[in-house]
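Single-structure report; data block below.
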Amino acid sequence: MPELPEVEVTRRSFADRIAGARVTDVFMGKPLRWGLGCASTDLVGRRVVGVQRRGKYLLIELDTGLLLVHLGMSGSLSFTHQLPQRGVHDHFELHTDQGALRLHDPRRFGAVVYAQNARDAMAQKLLGHLGMEPLGEEFDLKVFQAGLKRRQAPIKQVLLAGQLVVGVGNIYASEALFLAHIRPTRRAARLTRVQVQGLHGAIREVLGLAVRKGGSTLRDFSSADGEAGHFQVDAMVYGRAGLPCRVCGTPIKLIKQGQRASYFCPKCQPA
DNA sequence: ATTCTCACCTGCGGGC
DNA sequence: TGCCCGCAGGTGAGAA
């Protein structure tokens, strides 16, 4: 489900409310993608310092150590004083004296992983290879351009890989490439300087707009306070196969790239 | 190093 | 109505 905007919207929806909380209990349901990496009882008594984000990971900083939370394809968090009755897809709960955080994740591609610090082995495995944050000042055009020059793979797949820039998933990759008038099959190294500049801006624009819209709710995403997102109604190409392009009216095309759907306008995004 | 394919898991919608 | 298939917001592992 979640790309950078959904993760960031989730973070903002509970970071302030959980900050300073003392962990009172931990619930673990069915196994997630990775194990917690410590005894759940070890977390009891620790204090939540704050919640940061790196790419599509939430980093829940504790007074000692941190929890890396990934929402996978179908995960969502909720944070409330009184959680509703636990369902079969609720697989992790962090109870605190300021409310309880619950991970709901039917497909269980998500994970909650404990790390002693950002340099520990597990944290490095998950975070070590991640690229630039697209919404920060560190998203440097020159670095982006140099990185793309080294890749022969299609630009869509280079974006999804997250080694150059993080947070762009399947929805926003198609959307950003549309805004930049670049066909998703274009080899990354063959983008012109002007195209790279346009893509750089388009990524920031589309992700920023999506955050302001509360993310995309395709199926059942909601933030930790239960709000659905609204970006999906603004999508120019994602999920619009066969429908007329919102700019030129040409039917939107759907292709497969690496087992993932890519959408583009054959006229607005020339080969 | 880069690129490609597969795997993980559950639910849903379409076609028969 | 029921069954089978393909599809879904991600990404590490392993192979070429």
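Throughout, protein chains are lettered first and strands after them, A, B, ... in sequence-line order, and every chain is numbered starting at 1.
With rounding to whole Å, A:H129 atom NE2 is found 8 Å from C:dT11 atom C1'. Rounded to whole Å, the distance from CG on A:L160 to P on B:dT2 is 17 Å. Rounded to whole Å, the distance from CD on A:E3 to P on C:dG9 is 8 Å. When the P atom of B:dT2 is taken as reference, atom CD1 of A:I155 falls 14 Å away, rounded to whole Å. Counting to the nearest Å, the P atom of C:dT11 and the CG atom of A:L159 are 13 Å from each other. The distance from atom OH of A:Y172 to atom P of C:dG9 is 12 Å, rounded to the nearest whole Å. Rounded to a whole Å, the CZ atom of A:R54 is 12 Å from the P atom of C:dT11. Atom C1' of nucleotide C:dG10 and atom CG of A:L32 are separated by 14 Å, given to the nearest angstrom.
In this structure, A:R150 reaches the sugar-phosphate backbone alone: every heavy-atom distance under 4.0 Å involves primed, P, OP1 or OP2 atoms, never a base. Counting any heavy atom pair closer than 4.0 Å across all strands shown, A:H91 reaches no nucleic acid atom. Base engagement by A:R260 is indicated by at least one non-hydrogen atom pair under 4.0 Å involving a base atom. Residue A:F231 is classed as having no contact, given no heavy-atom separation below 4.0 Å to the nucleic acid. Using a 4.0 Å heavy-atom distance criterion, A:G258 is classed as making no nucleic acid contact. Using a 4.0 Å heavy-atom criterion, one finds that A:A261 contacts the sugar-phosphate atoms exclusively.
Comparing A:V88 and A:R33 against DNA chain B, the residue whose closest nucleotide sits nearer the 5' end is A:R33. Between A:V158 and A:Q259, the residue anchored closer to the 5' end of DNA chain B is A:V158, taking for each the nucleotide with the nearest heavy atom.
Residue A:H89 places at least one side-chain N or O under 4.0 Å from the OP1 or OP2 atom of B:dG11. When the side-chain nitrogen and oxygen atoms of A:H70 are compared with OP1 and OP2 of C:dG12, none of them lie within a distance under 4.0 Å. Close to C:dA13, at under 4.0 Å from its OP1 or OP2, lies a side-chain N or O of A:K125. Within the structure, every side-chain polar atom (N or O) of A:R219 is placed at least 4.0 Å from both OP1 and OP2 of B:dC12. At the phosphate of C:dG12, OP1 or OP2 sits under 4.0 Å from a side-chain N or O atom of A:Y57. Within the 4.0 Å cut-off from OP1 or OP2 of C:dA8, at least one side-chain nitrogen or oxygen of A:K256 is found. OP1 and OP2 of C:dG9 both lie 4.0 Å or more from every side-chain N or O belonging to A:K56.
Nucleotides C:dC3 and B:dC9 have their P atoms positioned 23 Å apart, rounded to a whole Å. Annotation: C:dG9 and B:dT3 have their C1' atoms spaced 23 Å apart (nearest Å).
Within the 4.5 Å cutoff, the side chain of A:L135 has no heavy atoms near those of the A:E8 side chain. In this structure, A:F231 and A:P5 have side chains that are not in contact, with every pair of non-hydrogen atoms separated by 4.5 Å or more. Side chains of A:D42 and A:R46 form a contact here, defined as non-hydrogen atoms less than 4.5 Å apart. The shortest side-chain heavy-atom distance between A:Q257 and A:P184 falls under the 4.5 Å cut-off.
Hydrophobic clustering (ILVMFWY, side-chain heavy atoms < 4.5 Å, transitive): A:F139 and A:L191 are in one cluster.
Comparing B:dT2, B:dC4, C:dG9 against the side chain of A:R151 picks out B:dT2 as the nearest. Residue A:P2 places its side chain closer to C:dG10 than to any other of C:dG10, C:dG12, C:dA8.
Dense packing is recorded around CZ of A:R22, with more than 12 heavy atoms of other residues, nucleotides or ligands lying under 6.0 Å away. More than 12 non-hydrogen atoms from other residues, nucleotides or ligands lie less than 6.0 angstrom from CD of A:Q124. Crowding of A:D16 atom CG: a count of heavy atoms from other residues, nucleotides or ligands under 6.0 Å not exceeding 12.
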Under a 3.5 Å cutoff on both atom distances, Watson-Crick or G-U, what's the dot-bracket for DNA chain C ([ ] crossing, | other strand)? .|||||||.|||||||

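Judged by atom type and distance alone, A:R108 does not reach the base of B:dC9 through any side-chain donor-acceptor pair under 3.5 Å.
Stacking between A:F109 and the base of C:dG10 is present: ring centres sit under 5.5 Å apart and the planes differ by under 30 degrees.
Between A:F178 and A:H181, the angle of the ring planes lies from 30° to 60°, which puts this pair in the tilted group.
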